[in-house]
Each structure stands twice: as C-alpha cells, then as structure tokens.
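Report on the following structure.
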Amino acid sequence: RNTYLGLEDFSVSDTSGTEEDTDSAVLYGTLRGSVVGLRYYTGIVNNNEMVALQREPSNPYDKNAVKVNNVNGDQVGHIKKELAAALAGIMDNKLALIEGVVPYGAKNAFTMPVQMSFWGREENKEAVLDQLKRHGFKLAPPLKGNEFDKLFEDLKEDDKTCELEGAEAVATLLLPHQKQALAWMVSRENSNDLPPFWEERSNFYYNTLTNFAEKQRPKNVIGGILADDMGLVILTELVLVFVWFCLVFLLGGGGVKKFRKDFQRTISFFNFYFALNIQSVETKYSGDGPSATLIVCPLSVLSNWIDQFEQHIHQNFHVNIYVYYGSDRSRDPSFLSEQDIVLTTYNILATDYGMRGDSPLHKVTWLRIVLDEGHTIRNPNAQQTKAALNLDGHRRWVLTGTPIQNSVKDLWSLISFLKLKPFTDREWWHRTIQRPVTMGAPGGLGRLQSLIRSITLRRTKKSKIKGKPVLELPERKVLIQHITLTEEERQIYQSVKKEGKAAISRFFSEGTVLAHYADILGVLLRLRQLCCHPRLCINTSSSSFSAGDKTPEEVHEMLVNKMKLVLSSGSDEECAVCLESLTVPVITRCAHVFCRPCIFEVIRSEQPNAKCPLCRSELRAEHLVECPLEGEIDSSNEKKSDQEWISSSKINALMHALIELRRDDPTAKCLVVSQFTTFLSLIENPLKESGFAFTRLDGSMAQKKRVEAIQCFQSSQAGSPTVMLLSLKAGGVGLNLTAASRVFLMDPAWNPAAEDQCFDRCHRLGQKHSVVITKFIVKDSVEENMLKIQKKKRELAAGAFATKKPSASEIKQTKINEIKALIDL
DNA sequence: ACCGCCGGGTGCC
DNA sequence: ACCGCCGGGTGCC
C-alpha cells in the first residue's frame with residue numbers, strides 16, 4: 001500500500017472505505033467482550049480508557065486475530081478468539097468501525113473486559129448484526145448516560161488578554177492587539193504547559209479525554225495556529241519587537257539604532273516570518289541543535305516572501321535564505337540545514353515527498369516549521385498534507401486566515417501537524433473531538449473550543465480588546481444598481497433563456513440532470529454573459545445536448561469544451577471526491593469533472609468496475625480527458641477584436657458611474673471586477689475613449705506582470721491609473737489594492753465568499769477612505785436569482801460551525817436546487 | 001472404567 | 001487463573 005519509501009504514511013490504511021462516511025455513521029449498538037493475553041504485552045490501560053481494535057490477519061495462530069492497543073499504540077492484548085472470529089469479517093469488509101473502552105480491570109493480569117461500540121452506515125447495520133448473530137453475539141442498545149460529560153473538564157483559558165510590554169522604545173510602536181499577539185506568541189514559544197486535556201496526577205500524566213496515562217510528560221507544541229482573517233493586520237509590525245529583542249540579544253544594543261530606523265518603514269505581514277527567522281539566528285549562535293527554519297507557502301505568495309527577505313534581511317544581517325524551488329534546487333539535506341531560512345511551496349514539498357522517497361526536506365530536523373496559508377493542508381488525504389505532517393521539527397506554526405472553513409474535519413490536519421498527543425492519530429481525534437461535535441454530544445463543542453482556545457490566536461476584524469475594536473477600518477457600503485436591458489438585449493436574452501429552459505426542463509423530466517450538468521452550467525453561463533454583454537457568448541453556442549454518434553476525436557473535443565465550460569462558469573466547482581476546489585481537472589466520459597489524483601484513486605480502489613462517483617456511469621482511466629491548457633480557459637471567444645465594438649447596458653452604466661466619479665474626485669481609484677476576462681477586455685475600449693488611465697490584473701498574467709500592474713495601480717503619482725480591471729479570482733489572499741476606494745462588481749458570483757474576498761482586497765488595513773461597492777444586477781434575470789442564492793449561502797455560512805460538511809450527493813442536490821431557482825423552474 | 005472423580009499442569013492469538 | 005480446560009491416575013463402602 002505504502003509506496004513512499006522510508007517515510008511513515010500514517011493515514012493510508014484508514015482512509016479508504018469507511019473513512020469518507022465517518023460523519024454519517026450511526027451507532028449500531030454495543031457489546032461486552034474480553035481482552036486476553038494481557039501478560040504478553042506491555043501496553044497498559046486505565047479504567048474507562050479508550051482502546052483501539054486492530055486486525056492482525058498475519059497472526060500465525062489465528063487469521064481472525066484482533067489486536068487491542070492503547071492510546072499510545074502499545075498492544076494491550078487480543079480480542080478473545082471466538083469474538084475475533086465474528087469481528088474479523090466485519091472489520092475486513094469495513095462494515096463497521098469498532099471502538100473499545102475498557103470499563104474496569106485495569107490491574108487484571110490475564111484478561112480484562114472491553115466495551116465495544118459498533119459504528120457504521122445505516123445500510124450495513126443488518127449485515128453486521130447478522131454476522132454477529134452467526135457467531136452467537138447480539139448487540140445491546142447504546143449505553144445511556146454520556147460518558148463524555150464526565151470525562152470533560154474545561155481548561156483554564158489562557159490569558160490572552162495580557163499584553164507584553166516590549167522594550168520601552170518599541171512599545172510605543174505597537175498597537176494593543178499587536179502587543180497581545182506578541183505576548184501570546186512569546187508565551188507559546190516559552191511555555192512549559194502541558195498540552196490541552198492533560199493533567200498531572202500523582203507522578204503520572206493523565207489524558208482526560210481518553211483516560212490514558214503515562215509516566216512520560218507529553219510534549220506541548222511550541223507554536224500554534226495564528227488564525228486571522230486579518231492576518232495581514234495583526235502581525236504587521238510585530239516584527240519590530242521580535243527583531244528588537246533579538247538585536248538586544250545579539251548585538252548588545254550596538255547596532256540597534258540603525259536597525260530601528262530601517263524598520264520604521266511600512267512593514268507588511270511577511271515580516272512575521274523573518275521575525276521568527278531572526279530568532280533562529282539567535283538560536284544558532286546560542287548553541288547546538290537545528291538552526292534552519294522551513295517556511296512552506298503557496299506559490300502565489302512565494303515571491304512576496306522573497307521580496308520581503310531581500311528588502312529587509314539581507315542587508316541588515318547575513319541571513320542565509322535559500323529558496324527551495326525549481327528543478328535546480330539543492331538535494332543536499334546538510335546544505336539545507338545550514339541555512340537560516342529555507343523557503344518552499346506546498347507543491348514542491350509534496351512532489352519531493354511523493355516521488356523521490358528521499359525528500360531532502362524530510363531529512364532535515366528543522367528549528368522551526370511555518371506553514372503559511374496553513375488551511376492548504378486541510379485535506380488529510382492530500383499528498384501535501386502528508387508531506388507537511390511528516391516534517392521534522394519541534395517548533396511548529398500554522399498561519400491561516402481560515403482555519404475552520406466548513407467543518408471540524410478540516411481541523412484535524414492542522415492539529416495533527418502541531419503534534420498534539422493523542423490527536424495525531426485520526427481515531428482519537430475522531431472519537432474525542434470530531435464525533436462528539438458533529439453528533440452534538442453535550443460538551444463536545446466545549447471540548448473543541450477548549451482545544452482551539454489553547455492553541456490558536458484567533459482574531460477577526462470584529463474582535464475587540466478591552467471593548468475596543470482591534471481594528472478600525474473605514475466604512476464599507478454595498479450598493480446594488482439595477483440595470484434594465486435594452487429591447488434588443490432583452491430579446492436575445494429571452495430567446496436563449498427559452499431554449500435553455502426547455503432543455504433543462506427536459507433533463508428534469510428525463511431525470512438526466514446530473515448527466516447534463518455541464519450543459520446546464522453552460523446555459524446559465526450564457527445567460528449570465530448576456531446580462532453583461534451580448535458578445536460574450538457568441539462562440540459558446542454549440543448546444544449539442546446529445547452525444548450521438550461521434551468519432552473519438554469529436555468526443556474528445558466535446559469533453560474538453562465541456563470541461564472548459566465548467567471551469568470557466570465561475571460556479572466554483574468542487575471535486576466531488578475530495579470536496580476541494582479542483583486541482584488538475586480531468587473530465588470523465590460522462591462529463592463530470594474531478595481532480596486527476598482523486599478520480600484515479602477511485603478507479604484504482606474500485607477496479608475492475610469503477611463507476612463515476614456522481615452518476616455511476618462506467619469509468620475508465622483511458623477515457624479521462626485532461627484540461628489542455630492552464631490559464632487561458634475562456635480565451636476561446638477572445639479572437640474577435642476585428643469586429644466593430646459595441647456597448648451594452650452594463651457598460652453604459654459603468655461608464656456613467658466612472659465619469660461621474662472622476663468629475664467629483666479626479667484622483668479616486670476604483671476596481672472594475674468581473675468573472676469574465678473577455679468582458680474586461682470589452683470594457684477597455686470605452687475606458688480608452690473616455691481617457692481613463694487603467695491597468696489590468698487577471699489570472700492569465702505572469703507573476704512579473706501582475707506585480708507591475710499592482711505597483712502601478714497602488715502608486716499615488718499623478719497620472720497613475722485610476723481604474724483597475726480585475727478578474728474576480730485573480731490573486732491570492734495577500735493581494736493588496738488599498739489604493740481603490742470604489743469597487744464596481746460587474747456580475748454576481750455564485751459564491752458570496754468570493755465576492756467578499758475580492759472586496760477585502762481594498763477594504764483592509766491601509767485603506768484611508770470609506771469604500772463603496774456597486775454591484776450591477778440586471779433586472780428580471782438570472783442575476784437577481786443569483787443574489788437570492790447568495791443570501792442563502794451567507795445564512796448557511798453564518799451558522800456553519802459544528803455542522804457537518806455536506807456529502808458529494810448533497811452538494812449536487814444543492815446545486816440542482818440552485819439550478820431550479822436560477823432558471824425559474 | 002468404552003465411565004466419573006480427583007488433583008496437577010497449565011494458560012492469547 | 002480464588003478460573004476453565006486438559007489429560008493422567010485411579011476406582012466400593
């Protein structure tokens with residue numbers, strides 16, 4: 001199973017089969033059994049301690065053998081053979097998840113009882129009961145009285161309101177929330193506290209969740225999660241203090257003056273990192289042990305880092321920074337460990353870990369590991385997650401704007417990365433936190449909150465310290481401007497709508513909605529495009545809804561087109577296997593789009609008769625079609641510049657607003673945002689005609705061009721552009737466009753979060769003016785319906801925490817409902 | 001006694 | 001294991 005040489009792969013074995021459904025598992029019942037052979041093993045348990053049951057098919061005495069392990073993974077004994085004979089089949093076929101608790105008998109020498117709970121999908125219940133019955137066992141109803149309650153003890157909350165007063169000269173530079181963050185971080189780096197849910201009890205360390213105890217003191221993580229939707233804010237200038245301390249340490253105060261001056265420049269978020277790294281320099285001087293800090297980030301922010309390091313560190317200190325990226329990267333672990341900072345991306349990390357089996361990054365013991373945009377690793381099955389979890393180094397920090405997106409599930413990878421015992425093992429995480437929370441067990445949420453509180457610093461824009469908002473941003477207003485189409489535009493719109501509605505109605509009555517998912521998205525896309533400009537959908541009219549008899553080439557082309565359609569439709573498609581946004585999209589013959597690795601895993605595990613996870617059609621690796629070219633997804637209809645330019649109602653409304661704005665304030669800058677880059681191109685025309693200086697930022701631009709466009713736009717020089725044409729999803733979270741105080745959103749997005757994120761690019765620290773956002777919405781159109789869906793999504797997101805993540809089929813059902821609402825069915 | 005009963009040896013899977 | 005189970009020793013009252 002494990003093809004990655006030499007590196008422990010801790011989750012492959014428990015991620016197939018039942019894993020996907022652990023959230024929807026029901027409790028079949030409980031059964032008392034016995035653990036035997038205690039005297040042969042070293043693993044010990046306490047009364048009421050949780051134990052894990054593990055199949056041991058290779059046991060020479062009994063192929064049905066089931067091992068019993070304690071929380072530490074040490075074997076306690078075996079399940080008695082008659083019972084094991086009944087359990088083996090259930091476990092091997094993943095019909096149920098069997099969990100054990102040893103109720104008493106902790107001091108028994110030979111055998112002890114074990115209370116087992118059987119969990120699984122409703123449809124497997126009968127088979128499990130049957131199998132047990134055949135061996136003469138019968139499940140008892142679930143135990144009453146919630147054991148979780150009595151186990152749970154709230155932790156004292158860390159005092160995060162305490163501020164750290166830095167050196168006098170520095171303290172004045174810090175805002176209260178910065179001092180607070182600093183104090184927290186310093187305390188995390190220096191604390192000797194036990195990790196959450198551990199207590200010291202008469203020479204033993206005792207875990208209050210699992211009732212596991214051991215002599216050895218469990219390590220608390222040196223580090224934590226900085227969860228901050230204004231991450232860019234809270235850490236700003238934090239570096240000053242770090243650097244200050246370190247300088248005092250290093251230079252004894254001598255070089256401090258010059259240094260401080262340098263740092264009174266505008267300082268950005270990324271300073272945090274080199275703050276940490278300066279510390280690593282200090283550690284290097286102060287003794288042996290690892291001295292290199294590894295920073296992993298998405299590719300999109302890599303250059304930001306490099307810039308920051310170049311600007312600040314190189315000149316001031318002789319800090320060795322190595323960017324571990326590109327095919328010529330050094331493969332020498334000892335070279336890497338000599339660096340002060342090694343910078344790399346999640347992709348490189350994952351590639352090295354997976355392909356080479358001797359990843360240099362995994363051979364180094366790091367002083368500190370920092371995961372930037374740490375939510376990147378929220379999918380426990382993703383290669384980059386496994387790669388990150390297996391990095392070696394005791395100080396571990398996760399920086400993320402969105403640690404808990406939709407579910408508790410997403411948190412596991414982060415907690416596991418922090419190496420908090422016993423949560424690194426998925427089973428214990430699931431039994432003690434995830435299930436109690438998702439099933440609403442009393443105390444479950446409290447437990448989770450306790451955990452989060454003790455290891456994360458979470459601040460939102462709305463957080464307050466001592467009754468005052470942490471951050472006072474200028475006001476932000478969202479206006480909706482309704483647009484009425486011209487008679488001509490309306491005619492085209494209605495005719496396309498009529499045709500599309502007829503087709504979609506047919507799909508509904510035939511029950512083939514899922515099979516025509518891409519076509520339906522296509523109809524909706526065309527309608528949305530027509531709301532913007534009639535020319536946007538000129539080339540996407542191939543409404544061949546039936547596959548018919550086609551040559552392989554034609555099928556291939558059709559699939560590629562469908563995939564492009566899905567990807568460019570802006571509907572924020574998720575892969576139904578991993579439920580993440582698509583990476584390396586491929587399309588099946590039945591026209592459903594998945595991540596390449598995900599669908600290959602499905603094919604591999606279900607072979608020889610793999611079925612499409614969405615529609616159960618036949619699925620074959622050789623039929624999968626990949627997306628031909630990354631980037632220029634909707635460029636297919638871009639090649640018509642020779643045509644005469646015409647305006648549209650929306651463009652007229654925009655130009656009217658822009659000209660008015662310029663008249664009132666010639667220096668005011670604004671963002672013009674659309675999901676359709678072709679639309680942005682169409683807007684360029686009237687901008688030129690009306691003499692606007694503008695710039696443009698979209699996903700297809702090379703990194704260098706982007707940086708240029710951003711700098712140009714942010715400049716306050718006379719004659720600098722006042723308009724930026726921005727594609728909705730361009731740029732990462734870090735994109736800073738605070739020069740703009742107006743936003744024109746040309747077309748609504750499916751996902752309101754995407755819009756909000758876009759607005760945040762100018763409504764953030766550094767914004768001096770109030771921000772006015774104008775959304776253009778065409779009356780009586782698909783756009784108005786999209787607003788309703790957005791509203792629903794917002795409400796859903798507001799109560800999101802603790803609700804479980806929807807399954808693939810639920811996602812599709814939601815989408816079908818959306819489709820109905822969108823086209824008035 | 002092709003039984004019962006006794007008591008020693010023994011012990012996970 | 002202060003059990004169960006095994007198999008050898010033994011055998012009226």
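Being a predicted model, the structure only gives us computed values, none of them experimental. Proteins come first, then strands; the chains are lettered A, B, ... in the order of their sequence lines, and each starts at number 1.
Of all non-hydrogen atoms in A:H135 and A:A85, the two that sit nearest each other are NE2-O, 3.6 Å.
In this view, A:E56 and A:N59, A:H78 satisfy the side-chain hydrogen bond (donor to acceptor under 3.5 Å, both in side chains) rule, not counting sequence neighbours. A:R596 meets the salt bridge (charged side-chain N to carboxylate O under 4.0 Å, His left out) test with A:E626; sequence neighbours excluded. With sequence neighbours left out, the salt bridge (charged side-chain N to carboxylate O under 4.0 Å, His left out) criterion links A:E618 to A:R620. With sequence neighbours excluded, no residue satisfies salt bridge (charged side-chain N to carboxylate O under 4.0 Å, His left out) with A:E200.
Pairing of C:dC13, defined by two Watson-Crick or G-U wobble distances under 3.5 Å, is not identified with any nucleotide. Base pairing of B:dA1: no nucleotide in any strand meets the Watson-Crick or G-U wobble criterion (both distances under 3.5 Å).
Residue pairs meeting the side chain to side chain donor-acceptor pair (under 3.5 Å) criterion with at least one member in residues 96-108 of chain A, sequence neighbours excluded: A:E99-A:W119, A:E99-A:R431, A:E99-A:R435.
Taking atom P on both nucleotides, B:dC13 is separated from B:dG9 by 23 Å, rounded to a whole Å. With P as the reference atom, B:dC6 and B:dT10 are 22 Å apart, rounded to whole Å.
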All N/O pairs under 3.5 Å across the protein-nucleotides 10-13 of chain B interface:
residue : atom : partner : partner atom : Å
B:dC12  : OP2  : A:Y40   : OH           : 2.3
B:dC12  : O2   : A:H78   : ND1          : 2.8
B:dC12  : N3   : A:Y41   : OH           : 3.0
B:dC13  : OP1  : A:K81   : N            : 3.1
B:dC13  : OP2  : A:K81   : NZ           : 3.3
B:dC13  : O3'  : A:D62   : OD2          : 2.5
B:dC13  : O2   : A:N59   : ND2          : 3.1

